[in-house]
Amino acid sequence: MRWYNKLRLVFRIYSRRMFVTMLLFGMCFVSFFMIDRVFTGYIGSRYAIKQTEKEFGVNTADAGYVHFVTRNIKQDISDKVHEYMSTLPEVVRSGYILSETLFEEEDEPIQVNIIDKDIAAIGNLMLSEEDKKILENLGEDERIVFAGYNYRKQYHAGDMINCYVDDDIGQIKIGGILKKGAGWIHEDRLFKGSYGKWDNYTLDDSMIVIAGSLKKELEGVDSGYAHEIYFQCESGTFDEVTDKIKKFCYDEGITVNISNYKDEIDKEKEDSSIVDDTVFIAAIMITVLAAVSIAASNIVYCLMRRKHYGIMLANGMCKADIIWLIAMQNAIVMVLAAVAAWIVRLRAEFETLFPKKVLEETGRLYEGAYVAHMHYMPVILIISVMILLVISCVIPAVMIGRTSLADMVSGRSGGFDRIKWHRHDSKPLKLFVIFIREQIHTSYIIVHKTYFDTIIDSVFQDFQDRIPHISS
């Protein structure tokens, strides 16, 4: 039988059992929706964690920052703490991170970070040996820009780029082009936040300004705010340094919080764990329920239509064709449910069906969810459909494969009865199949004398009259 004739039979079956088809579609839709929700969140979080760890050029257990809690605190207090930290032998480097605006006359402004050269090694800037020598020779009043990889055709080392200096426009020299994938830390907002389109996990589409010293900037417009101090300690000394800084601040009457980057990353890993997620457990339960329901529906339907299958076999179809019909009948419902769930989740996650523009406007905020939903979820849903399809078709396939033509035409469920298992067998799978078999027998007795079977009997009688050698 040609494939399009098989599809016609499949859609004819849908028209005869519309309610059951819609019910199974709904169960599959809910199952795939829950799977999408769980794995998009989980994979998105793991992606964000992995990309955040790549932003660091040092061990995150040895790096952190000092945040000032007291309100209306001035920058001179932060400078006092910074000066004290510089005297600690365990502190390898410390400094500030500010914001800077670079621009070209015809292009829109580029929001970048301007950092102390002393803390440049904390980020994963991937500087070459030549670039590192340039930083070593950078004077306190000097500034230098490193452009991202995607600017390699637009700028070259030695070019000048405009920037704002107080209320005037100045220029900063471009020292070089960063390697692809170079990144910088996201200060005190590692996760679940973004400053806009320039706030990405890498510096490929951005730039970074490195200053010999930020004293001038800190004494200017930003003097009314105490900036966080970012620092790196020697390996294994972070807790010791934290205690010293807190004691100094307590003696000076300053309230601070000291955060460790590794602790923040570990907390994000713990919060995004899938094991204790109640939604994940619910998704598993709904998926199992959908699989059992589809399998039970197929088994009952095979019992009800075995005379039809016998007629099909007598007219030249093979058992593989019948199994193909059952598999295709389930596959179409599952694929449509998976596609519908994926589209609904896409709209719910990004509030649009075209999320690329949202990703460009919000930077890293939706990048993890975008990668998870657009790249990973189609593969996960395909695997889920295949697993559900195998579970729902395996028993009907065994039944049809073990049932003879005579049994099908006569209405006997010989193939299913030939599966001989002891009732007291201890294997859970066999006990489960015995339970399903009993439920199917009960369901068949209920529906056996329906009007539909009366029509089948009349068709079979006509078939017997035409082919008398087939035994009943």
Below 30° counts as parallel, above 60° as perpendicular, anything between as tilted: where do the rings of [X] and [Y] land?
| X | Y | result |
| --- | --- | --- |
| Y151 | Y155 | tilted |
| Y96 | H82 | perpendicular |
| F248 | Y84 | parallel |
| F231 | F238 | parallel |

Pair up each side-chain donor or acceptor in residues 384-392 with any protein partner under 3.5 Å, not counting sequence neighbours, and list the distances.
| from | atom 1 | to | atom 2 | distance (Å) |
| --- | --- | --- | --- | --- |
| S384 | OG | I380 | O | 2.9 |
| S392 | OG | L388 | O | 2.9 |
| S392 | OG | L389 | O | 3.0 |

Once you round to the nearest 0.5 Å, how far does [atom1] of [X] lie from [atom2] of [Y]?
| X | Y | atom1 | atom2 | result |
| --- | --- | --- | --- | --- |
| E234 | L88 | CD | CG | 10.5 Å |
| M399 | I323 | CE | CD1 | 11.0 Å |
| C233 | N59 | SG | CG | 11.0 Å |
| F56 | I122 | CZ | CD1 | 8.5 Å |
| R364 | N200 | CZ | CG | 9.0 Å |
| K80 | Q75 | NZ | CD | 13.0 Å |

Compare every heavy atom of [Y] with every heavy atom of [X], then report the nearest pair and how far apart it is.
| X | Y | answer |
| --- | --- | --- |
| A283 | M34 | CB-CB, 3.6 Å |
| I119 | W184 | O-CH2, 3.2 Å |
| A120 | L135 | CB-CD1, 4.2 Å |
| Y42 | S272 | CD1-O, 3.2 Å |
| I174 | I144 | C-CG1, 4.5 Å |

For F33, is the NZ or CZ atom of R37 found under 6.0 angstrom from the centre of its six-membered ring and inside 45 degrees of the ring axis?
->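 The answer is no, since R37 fails at least one limit relative to F33.
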
Sequence neighbours excluded, which residues qualify as salt bridge (Lys or Arg N to Asp or Glu O under 4.0 Å) partners of K356?
->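 So K356 forms no salt bridge (Lys or Arg N to Asp or Glu O under 4.0 Å) with any residue.
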
Partners meeting side-chain hydrogen bond (donor to acceptor under 3.5 Å, both in side chains) with E90 (sequence neighbours left out) |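 Counting only residues at least two positions away or on another chain, E90 forms a side-chain hydrogen bond (donor to acceptor under 3.5 Å, both in side chains) with K244.
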
Working for salt bridge (Lys or Arg N to Asp or Glu O under 4.0 Å), residues D243 and K247 = CA-CA 6 Å; D243 293 338; K247 184 178 183 304; over 6 Å; no

Dump the intermediate steps for side chain to side chain contact (heavy atoms under 4.5 Å, CB included) on D36 and E349, then the final yes or no.
-> CA-CA 11 Å; D36 193 310; E349 191 74 31; over 6 Å; no

State whether the number of non-hydrogen atoms from other residues, nucleotides or ligands found under 6.0 Å of E360 atom CD is greater than 12.
->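 Yes, CD of E360 has more than 12 neighbouring heavy atoms, counting only those of other groups under 6.0 Å.
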
After noting the C-alpha distance and the side-chain angles of D131 and L178, does the key distance pass the side chain to side chain contact (heavy atoms under 4.5 Å, CB included) rule?
-> CA-CA 9 Å; D131 294 335; L178 297 172; 5.7 Å; no

Pair V371-I43, side chain to side chain contact (heavy atoms under 4.5 Å, CB included): steps then yes or no = CA-CA 8 Å; V371 171; I43 296 175; 5.7 Å; no

Contact check, side chains of T60 and E53, non-hydrogen atoms, under 4.5 Å |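 With C-beta onward as the side chain, the pair stays apart.
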
Does the side chain of R143 come within less than 4.5 Å of K173's, by heavy atoms?
->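 With C-beta onward as the side chain, the pair stays apart.
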
Between K267 and D271, does at least one N-O distance fall below 4.0 Å, as a salt bridge requires?
->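 Looking at K267 and D271, the cut-off is met.
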
